Structure formats: C-alpha cells, structure tokens
Protein chains: 2
Amino acid sequence: MTNENLLSHIHKFVLLNDNEKAILQSYFKNETVKKKEHLLKEGQKCTANYFILKGCLRMYYITETGTEQIVQFAIDNWWLTDYSSLDSGKPSQFNIQTVENTEVAILDNKIQEEGFKKIPALERYFRIILQKAYAASIMRLRYIFTQSGEERFHHFNNSFPEFVQRVPQYMLASYLGFTPEFLSKIRAKK
Amino acid sequence: MTNENLLSHIHKFVLLNDNEKAILQSYFKNETVKKKEHLLKEGQKCTANYFILKGCLRMYYITETGTEQIVQFAIDNWWLTDYSSLDSGKPSQFNIQTVENTEVAILDNKIQEEGFKKIPALERYFRIILQKAYAASIMRLRYIFTQSGEERFHHFNNSFPEFVQRVPQYMLASYLGFTPEFLSKIRAKK
DNA sequence: TTAAAATCTTAATCTACTTCAAGAAATGAA
DNA sequence: TTCATTTCTTGAAGTAGATTAAGATTTTAA
C-alpha cells in the first residue's frame, strides 16, 4: 500500500501543489508491522509520528499495580504519537503497540520540523489535526466524568460497533476505564 | 494592562518581527471581566479564543442531574476556548466563566484565520500550543484512570498549592472528579 | 490436530466513593 | 452591622465497580 490515503487525508484539510506532494511523499516511510509489535516502549524517546494506513494501534502504560491502562486507540487515517516525549525529548511514559497487523506511515520528528519550514501547509495541517484531537480528548473526559461504565460501553458500542468486534474485550474495558470482569457482566445482562 | 504578556508568550515559541508584532497587537481585544461573568454559554456558538492576561477562567457543563462539571481551568498565560464549537461552527456544549475578576485578550476566530494567512508564525505558535494542551489532556486522563480521588487531590495540591487556595473547594472537587463532600472528608483527615 | 497461550465468564466479597440531609462558617451587599 | 447568599462540614446509608479466584472458551502456533 502506498500512502495515497495519507496524502488525500492531508488534502482534505489543506491545499498542496504537485511539487509539495512529491516532497511530502519522500518524508513518509511506510512500514508493515505485525500484530503485538511495539513502535514505542516506555523509557524510550519518542521520535516519530505514526499515521495508520490500515490497522490499529494502542497507546498504553503500566500502572503501579502492574495492569495495562490504554489511553488511546488509533485506526485507519489517524495519527498517533506521544507528544509529551516528542516535545520535551524526554523518555516516554507510554507504549505504542499494534493491536493487529498494521501498515503505518512514519514521519520522523526532525523531518517533520524540516517539512514545516519548506511546506507551511504541513504545519497548518497539524494545527488543524491537533485542534480536533484536543477537542476529542476533552469530550472523552466529559464522557468519563458524566457517564457510568455501563453507559460508556453502550455509547461506545453504538458509535463504533465494528471496532468493538475488532479489539479484545479486555482492551476495550481498559480504554473505557473499568475491568474486563465488569465488561463481562454488562454483556451478560442482555 | 496591555497585552505585552501575550506577545512575550508568543515570542517564547516563535520569532516575530516588529511589523508582525504590531499587526498581532491589533488582532487582540483586551477586556476586563468581573467575577462570575460568562464569556460563553452552552448553546451559543463559540467564536473566539481567550488568553488570560490575569485571573482565572473555568470551562464547565451541566450534567443530566443538574450539577456543574468542570472540564478545564485556565489561569495567567493560558488560552481557553471550545475548539469543538470553534471548528464546527455548532453551538457549544460548554460554558466559560470567570472564577475571579479577570483580564482577557480576545482573539476572534475569523481574525485568527486571517492572521494565519498573514503571519505563518501565528499558525506555528498555535500548533505548538495545541500540541502541549493535547499532551496535558492525555496526562489528565492518565491521572483520572490511575489515581484515587484522594491521591489526585494530594498530587494537585502539591503541584499547585497557590491555585488550590484561590478557587472554591467545590470547584476543585468537580475538576478532580468527585463531590465537594468527599473533598471535605479528605481534608478532615489531616 | 493438539497443546499452550490468550481471552472471557461467573460469583462472592469488599471499598472508594455518592447521596441525602442538616447545620456551621464564611463572604458579600445594603 | 446585619441579613442573605455562598461555601464548607459531618454523619448515616447506599452503590457502582474492584478484587480475587477458578473454570470455560477461543485462538494460536508447532
């Protein structure tokens, strides 16, 4: 798979001429990653931004009690990275791992910075993407504050039924903020 | 108060020449807002971004059971807005209100867009700001998932002791995700 | 095609909170 | 300086969801 998907995604938000498209093409490094492989491990510096061409990634950390807590999922046409580590250059406090076999376009952070200088539209694109990601994150907080675990599950299940099929239940439970046992009980009700 | 604070804040992240500074100055409209006044009410379209020169804002919504839930606080040198509404042009699902007498610099969204065209550094500035805000929001999620209410309070209290003094306890409780009664009990322990 | 690994279920017990209710204290406006 | 409003406290009773533990099922790999 080429990164046509990515270019057309960018093109949804900003205008690019053919020259800029060609330059951008050269910035992205496509990779096929097998299920359960890590793109980033806690303690490593995060040096790139990952765009999912096809597949699924999760970002998670390990709690003091040794359980995994999932902060983010990302599927086709989403970017995922640890912006904290990217920004600060400090080791990441998160892991990024494939949930299934996944094709990603990798944008190295240094190359991204170079790109911002050469192609201002790229910076605009990320400004827009980040604005949306931030807004989504605020909405996520809202759901967590307001809804019960059960409500959150039903809401998520109604919103993304295919995705719920695709990912193990214990990961979904973690993402939604409760235990796999509790999710099992919710499902048993119907 | 002028918006020197704001210009020097921008200057921390991007370079501006004198001409650009002058243009930017003209974009911001400074206002003094009394305690408990609203800058945005649920149902209204959000049309501006607010930079706090001095004071404190909160962003909150009303739950189904009629209680206030605070999503964000913002103090000196922070931006606050509802990016969802700003982006989509749809009515906001949030309120933005002053917690104390506050001086804000207001950047109207249309003017912001115009600014992005004239001054690419402005778009870069917001790209950087949003990257930080998004990362902070992910960390907030992490605290909510991992720590107990009591832990969250102590952590917050240690991190921002002056702020805890400044804001009513029931607002702090809401922001931290529990009831004012519970906060009262935590405090009674020591 | 079978054993090992990963995932899901069920049930009993436990706990970090919420809710409700009522009074006390602090703050603010006339 | 006083009354009204806002904020904070305390205690009793209730609950959403965690924890533990063990078995059942599904998936994976050799």
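This one's a predicted model, so the numbers in the text were calculated from it and none came from an experiment. Quick note on labels: first sequence line is chain A, next is B, and so on, each numbered from 1.
Atom CZ of A:R127 is separated from atom CG of A:L122 by 13.0 Å, given to the nearest 0.5 angstrom.
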For the pair A:K118 and A:E20, evaluate salt bridge (Lys or Arg N to Asp or Glu O under 4.0 Å) and give the outcome as yes or no after the intermediate values. CA-CA 9 Å; A:K118 275 199 196 149; A:E20 287 170 330; over 6 Å; no
Might you work through the salt bridge (Lys or Arg N to Asp or Glu O under 4.0 Å) test for A:K117 and A:E123, ending with a clear yes or no? CA-CA 8 Å; A:K117 282 178 205 154; A:E123 189 135 35; over 6 Å; no
Residue pair A:E113, B:R124: steps toward the salt bridge (Lys or Arg N to Asp or Glu O under 4.0 Å) verdict: CA-CA 11 Å; A:E113 274 300 327; B:R124 176 169 176 80; 3.2 Å; yes
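Considering B:F156, B:F153, B:Y143 as possible partners of B:Y175, the one that fulfils the ring-ring contact (aromatic ring centres under 6.0 Å, His included) test is B:F156.
Residue A:R187 contributes atom CZ, which lies 14 Å from atom C1' of C:dT10 at whole-angstrom precision. Spacing between atom CG of A:L183 and atom P of D:dT19 amounts to 15 Å, rounded to whole angstrom units. Distance A:K189 NZ to C:dT10 C1': 15 Å, rounded to the nearest Å. B:Q169 places its CD atom 12 Å from the C1' atom of C:dA26, with the value rounded to the nearest Å. Between the NZ atom of B:K34 and the P atom of C:dG28 there is a distance of 14 Å, rounded to whole Å. In this entry the distance linking CD1 of A:I144 with P of D:dG17 reads 12 Å, nearest Å.
Of the possible polar contacts, none joining the B:S174 side chain to the B:Y170 backbone as a donor-acceptor pair under 3.5 Å is found.
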Interface polar pairs with nucleotides 25-28 of chain D, N/O, under 3.5 angstrom:
| unit_1 | atom_1 | unit_2 | atom_2 | d |
| --- | --- | --- | --- | --- |
| D:dT28 | OP1 | A:K35 | NZ | 3.3 |

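At least one cation-pi condition fails for A:R152 and A:F178: the charged atom is not both under 6.0 angstrom from the six-membered ring centre and inside a 45 degree cone around its axis.
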Summarise protein proximity over nucleotides 16-25 of chain C in one line of letters, 5' to 3': B for base, S for sugar-phosphate only, - for none, counting protein heavy atoms closer than 4.0 Å. -SBBB-----
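Under a 4.0 Å N-O distance rule, the pair B:E68/B:R58 qualifies as a salt bridge.
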